[in-house]
Amino acid sequence: MVRSSFLRRDGDVPPDDVPSWDEVARRHGDFVYTVAYRLTGDHHDAQDLVQEVLLRVQRGLATYRPGSIEAWLGRITTNTFLDDVRRRRRRPVVRLPEDPDLVVPSAPSIDEQVAQVALPDDVTGALQRLPEDYRATVVLCDVIGLRYDEIATDLDVPIGTVRSRVHRGRALLRRALA
Amino acid sequence: MTGVAPDAGRGGGHPLELLSAYLDGELPDAAAAGVETHVAVCAACRIDLDELAEARTLLRDLPLVAAPAGFTADVVRRRRRAGRRGAVLAAAAAGVALVAAVAVPDASVDTGDTVPTGDIGDPNRSQVADAPGDAPGAPAERFVRVPATSADRGPSAAVSHDADPSFADRAAEAVSGLLRAVGG
């Protein structure tokens, strides 16, 4: 079954119905886990991330306005992920170069590529090769299904940056899967 | 894919960075029409467009990943347990034992968003009893547990965790964050 992102825009929360934390955890736990796993590429890291997210959700529900709960959860998950990334960066680690072209080895030419089926784990693995900002943008766009203006607001970057990261992120992904 | 760099050796006039926006319906009509016109006559960009569409479809077709069996239920259960024990974050008042039995994850507490709200337990009752492993069969906790602190007692952190050197740093961070939050 082909789905185009998880986001349902017909409003999956009735206007006067703010879910309880328990409901969010039970009903949307797998969705949060999915986003966490696509971002981290690792089940242990995903579980840690989900727990952090659910704690933020607990606090955030006080001010949550009914709308698309999965957009809201997806954004919290991605932001929490990026916060963790930035926190880890404070310790000396090898930084990925800024030029994304240097991150992924060059692929064989189009003519040489052998058609292959990309399994979900292949895609998740390929996602891990993207710098985190690109990965987060691509996840917000294609896994969660937000619009560019929503992503721009969420990441606090100009729309042009969103457009550029989505484009390059996909290009890198495609190359990593080749 | 050859179209990642801005001009990719093709010279000017190729709307490379607009291709993804085009696929996402994020271009105004005139720009979208421009892309279509160009792609009709430019094989290289047509190929790039196809490959971008492929990547986009792959991502959008990714299935839901089920959390490991029992994981979500476990998170819910632990949150309830923390609530029952009276997870409180209150200003320390003179003569009142501050009870802070808090489940804090491996993240900084600075943002103040990690304290579960729940029943306020009996503040006079020590709630330090949550030693690691007090629940038989409980899985390895990934949370820091900070016991009660009061004016005449220094803080200590009962930490239950996997052997992970960085966790100790985060635990220490969480403890000082908690103390700052309670005005300690």
Side-chain angles (χ1 to χ4, degrees), chain A residues 2-6 21-22 25-26 29-34 37-38 43 46-48 50-52 54-56 58-60 62 80 83-84 87-88 91 100-101 107 109-110 118 120 123-124 127 138-139 141-143 145 147-148 159 163-164 166-175 177-178, chain B residues 1-6 16-21 23-27 44 47-48 50-68 71-76 78-80 103-108 110-118 142-143 162 166 169-170 173:
Chain A
V2 173
R3 64 150 192 94
S4 59
S5 87
F6 286 110
W21 183 86
D22 278 21
R26 292 187 197 286
D30 281 352
F31 171 75
V32 173
Y33 191 86
T34 298
Y37 180 64
R38 297 304 176 203
H43 285 288
Q47 288 169 45
D48 283 353
V50 168
Q51 291 181 105
E52 284 187 58
L54 289 177
L55 280 160
R56 289 198 186 189
Q58 197 161 358
R59 185 178 167 85
T80 308
D83 286 350
D84 285 351
R87 211 175 289 123
R88 279 196 298 271
R91 286 182 245 138
D101 291 334
S109 76
I110 295 161
V123 180
T124 300
L127 271 172
V138 162
V139 166
C141 183
D142 286 332
V143 175
R147 293 188 312 259
Y148 286 14
I159 284 194
R163 177 193 297 172
S164 169
V166 167
H167 178 76
R168 291 181 177 217
R170 286 175 181 160
L172 283 169
L173 190 83
R174 183 63 184 76
R175 196 190 284 186
L177 287 167
Chain B
M1 171 163 181
T2 54
V4 176
L16 292 166
E17 289 222 347
L18 298 185
L19 296 180
S20 276
L23 289 170
D24 294 328
E26 295 274 353
L27 290 182
I47 289 169
D48 282 352
D50 286 346
E51 298 201 333
L52 284 167
E54 239 181 79
R56 182 178 185 273
T57 301
L58 280 171
L59 286 160
R60 287 177 176 245
D61 283 354
L62 283 173
L64 200 64
V65 179
F71 171 73
T72 306
D74 188 49
V75 173
V76 171
R78 276 187 286 179
R79 183 263 191 178
R80 284 205 187 127
V104 177
D106 309 1
S108 145
D110 307 305
T111 56
D113 60 356
T114 55
V115 179
T117 56
R142 287 180 176 273
F143 285 172
D162 307 323
S166 61
D169 297 338
R170 290 195 288 269
E173 234 178 86

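Residue numbers begin at 1 in each chain, while the letters A, B, ... track the order of the sequences. When reading the values below, keep in mind they use all heavy atoms of this one structure, side chains included, and skip hydrogens, waters and symmetry mates. Quick caveat: nothing in here was measured; it's all calculated off a predicted structure.
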**Message:** Is it the case that the side chain of B:Arg60 and the backbone of A:Cys141 share a donor-acceptor pair, with hydrogens and angles ignored and the cut-off at 3.5 Å?
**Reply:** yes
**Message:** As an exercise, state the distance from CD of A:Gln51 to CG of B:Asp74, rounded to the nearest 0.5 Å.
**Reply:** 7.5 Å
**Request:** State whether the side chain of B:Glu26 and the backbone N or O of A:Tyr148 hold a donor-acceptor pair below 3.5 Å, judged by distance alone.
**Result:** yes
**Asked** What part of A:Ile159 lies closer than 4.5 angstrom to a heavy atom of chain B: side chain, backbone, both or neither?
**Response** neither
**Heavy-atom pair count under 4.5 Å with chain B, highest-scoring of A:Arg26, A:His43, A:Arg38** = A:Arg38
**Residue A:Val139 versus chain B: region with a heavy atom under 4.5 Å** = neither
**Item:** Heavy-atom closest pair, residues B:Leu59 and A:Val143
**Value:** O-CG2, 4.2 Å
**Item:** Atom pair CG/OG1 of B:Leu62 and A:Thr124 - distance to nearest 0.5 Å
**Value:** 5.5 Å
**Prompt:** Which of these, A:Arg168, A:His167, A:Arg163, sits in a side chain to side chain donor-acceptor pair (under 3.5 Å) with B:Ser20?
**Reply:** A:His167
**Request:** Can you see which heavy atom on B:Val76 is nearest to which on A:Ala25, and at what distance?
**Result:** CG2-CB, 3.6 Å
**Separation between CD of B:Glu54 and CG of A:Leu173, rounded to the nearest 0.5 Å** = 10.5 Å
**Request:** Apply side-chain contact (heavy atoms from CB on, under 4.5 Å) to the pair A:Asp22 and B:Arg80, showing each step before the final yes or no.
**Result:** CA-CA 9 Å; A:Asp22 278 21; B:Arg80 284 205 187 127; 2.4 Å; yes
**Complete:** Given B:Asp24, B:Val65, B:Thr72, the one with more heavy-atom pairs under 4.5 angstrom with chain A than any other is B:Val65
